[in-house]
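Below, all heavy atoms of this structure are taken into account, side chains as well, without hydrogens, waters or symmetry copies. A quick note: this is a predicted structure, and the numbers were derived from the prediction, not measured.
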Amino acid sequence: MKNQVLFLFIFCTSFSFSQVTHKKKASLLGSPFEITVVAEDTIKGEKFCNWAIEEVKRIENLISDWIPTSQISTVNQNAGIKPIKVDEEVFELVERAIKVSKITKGAFDISYASMDKIWKFDGSMKMMPSEEEIKKSVARVGYQKIILNVENKTIFLQDKGMKLGLGGIGQGYIADKIKVLLQSKGCTAGIVNVSGDINTWGYQINGSPWTVAIVNPLNKEKVFATFPLIDSAVETSGSYEKYVTFNGKRYSHIIDPRTGYPATGIISVSVFAKQTEIADALATGIFVLGVDVGLNLIDQINGVECIIIDDKGEIHYSKNIDLKTK
């Protein structure tokens, strides 16, 4: 559902007499992963980074629909057959995802994985799918058909062929969990980047906040705003590279799970929130809802702000956003 495109530069200081900034990069979840921590020395910094990587792997083995033995895969394999008992954290993540589906009126929906893949964004498409093909592609999609049993912690997919995919919320969840884990281990400051889902805590070793710079994907040489992240998160989703054009209209690779048609009108959404999980899910929902409806939704949610770049390169802000413009 979501291909995260990061248009953020992270500014950080690297050394102090009493502390060091330690950084580690890896390829996890099929995407770039980067963790930067403040620690008393490089040995402790390396420990923090390794704990973060292990946490990614732990959660991936619970929620990835690409791993056949994960709990989410087991739920998918039993769609239309029987409920599956899952760990409490998996159950609660799915429960929260459904809440986001409700507030976005289905624009965000983890059952999007049930869609037939009829749109191709590799240059091979020569014509649009038919209206009937598009309608049929989303026949099994619908968060209303995800049946949760709170008492037994089971998940049941009502229709055979239904599938859950947590890609639009899971990476944000992982970033949040890393932050909580490292804080519990005594890491007082850091910034984690899970394929564009960024969460921060504490301050850099010179006392300044972690800062990200946002660029317009249509003019990537120019930074148009910087944003200090103080114990908060940001997620950027974009489609400037993956899209198709028919009859002069641009269609994003992000598909509206309610209709089967690709989202139009937006090329980039950045959502700022206290938790990466909610930023992650809302960014996808806003992409589908469009500029006006998306901004209206964000303006009703306390503590959440966003920047939208439309397909003409124009920049739109939610009402309470506080940016340092360049």
Seminar exercise, completed: Only residue of V86, T154, I98 satisfying side-chain contact (heavy atoms from CB on, under 4.5 Å) with L148 is I98
Exercise. Any chance NZ of K47 has more than 12 other-residue heavy atoms, nucleotides or ligands included, within less than 6.0 Å?
Worked result: no
Problem set entry | Within 6.0 Å of NZ in K24, more than 12 heavy atoms from elsewhere | yes
For this session: Salt-bridge test for R250 and D311: reply yes if a basic N is under 4.0 Å from a carboxylate O, no otherwise.
Result: no
Exercise. Hey, are the side chains of H253 and W119 touching, using non-hydrogen atoms and a 4.5 Å cut-off?
Worked result: no
Exercise. Is L181 reachable from I174 through a run of hydrophobic residues whose side-chain heavy atoms are each under 4.5 Å from the next?
Worked result: yes
For this session: Evaluate the side-chain proximity of E89 to L62: yes if any heavy-atom separation is below 4.5 Å, no if none is.
Result: yes
Exercise. Does a side-chain N-to-carboxylate-O contact under 4.0 Å join E55 and R58?
Worked result: yes
Problem set entry | Trace of the side-chain contact (heavy atoms from CB on, under 4.5 Å) decision for Y173 with L166 | CA-CA 10 Å; Y173 173 68; L166 296 178; over 6 Å; no
Exercise. Do other residues, nucleotides or ligands put more than 12 heavy atoms under 6.0 Å from the NZ atom of K85?
Worked result: yes
Exercise. At their closest point, which heavy atom of E34 faces which heavy atom of T36, and how far apart are they?
Worked result: OE2-OG1, 4.1 Å
Exercise. L164 and S111: side-chain contact (heavy atoms from CB on, under 4.5 Å), yes or no, with the steps?
Worked result: CA-CA 5 Å; L164 302 184; S111 71; 4.3 Å; yes
Exercise. What is the minimum heavy-atom distance between E133 and S130, and which atoms define it?
Worked result: OE1-N, 2.8 Å
Seminar exercise, completed: Of all heavy-atom pairs linking C49 and K23, the shortest is SG-C, 4.5 Å
For this session: Measure from NZ or CZ of K153 to the centre of the six-membered ring of F91 and say whether it is under 6.0 Å with the direction within 45° of the ring axis.
Result: yes
Exercise. Do F121 and I134 share a hydrophobic cluster, counting only Ile, Leu, Val, Met, Phe, Trp and Tyr and linking them when any side-chain heavy atoms are less than 4.5 Å apart?
Worked result: yes
For this session: Taking all non-hydrogen atoms of both residues into account, name the closest pair between G285 and A107 and its distance.
Result: O-CB, 3.7 Å
Exercise. So do K99 and Y143 actually touch side chain to side chain, heavy atoms under 4.5 Å?
Worked result: no
Exercise. Taking the side chain as C-beta and beyond, is there a heavy-atom pair between F33 and I53 under 4.5 Å?
Worked result: yes
For this session: Run the numbers on F48 and H22 for side-chain contact (heavy atoms from CB on, under 4.5 Å), then give the verdict.
Result: CA-CA 9 Å; F48 287 145; H22 191 72; over 6 Å; no
Problem set entry | Heavy-atom pair of closest approach, residues D176 and Q275 | OD2-CB, 3.5 Å
For this session: Indicate whether the side chain of E235 and that of T276 have a donor and an acceptor atom separated by less than 3.5 Å.
Result: no
Exercise. NZ of K117: more than 12 outside heavy atoms within 6.0 angstrom?
Worked result: yes
Exercise. Is I103 reachable from V304 through a run of hydrophobic residues whose side-chain heavy atoms are each under 4.5 Å from the next?
Worked result: yes
For this session: Supply the atom-to-atom distance I286 CD1 to I254 CD1, rounded to the nearest 0.5 angstrom.
Result: 11.0 Å
Problem set entry | Partner set under salt bridge (charged side-chain N to carboxylate O under 4.0 Å, His left out) for R258, not counting sequence neighbours | D256
Problem set entry | Heavy atoms of other groups near Y203 OH, more than 12 under 6.0 Å | no
For this session: From the options N76, V75, T74, select the one residue that forms a side-chain contact (heavy atoms from CB on, under 4.5 Å) with N78.
Result: T74
Exercise. Do the side chains of L157 and I146 get nearer than 4.5 Å, heavy atoms only?
Worked result: yes
For this session: Please examine the side chains of N193 and I191, heavy atoms only from C-beta on, and report whether any two atoms are closer than 4.5 Å.
Result: no
Using residues 287-300 as the side-chain source, report each donor-acceptor pair under 3.5 Å to any protein atom, sequence neighbours left out, with the distance given to one decimal.
residue, atom, partner, partner atom, Å
D299, OD1, K319, N, 2.9
Q300, NE2, N296, O, 3.2

Exercise. When you look at CD1 of I81, are more than 12 heavy atoms from neighbouring residues, nucleotides or ligands closer to it than 6.0 Å?
Worked result: yes
Exercise. Can you find a pair of side-chain heavy atoms, one from S101 and one from I110, that are under 4.5 Å apart?
Worked result: no
Problem set entry | Heavy-atom pair with the smallest gap, counting every atom of M128 and F246 | CG-CD1, 3.1 Å
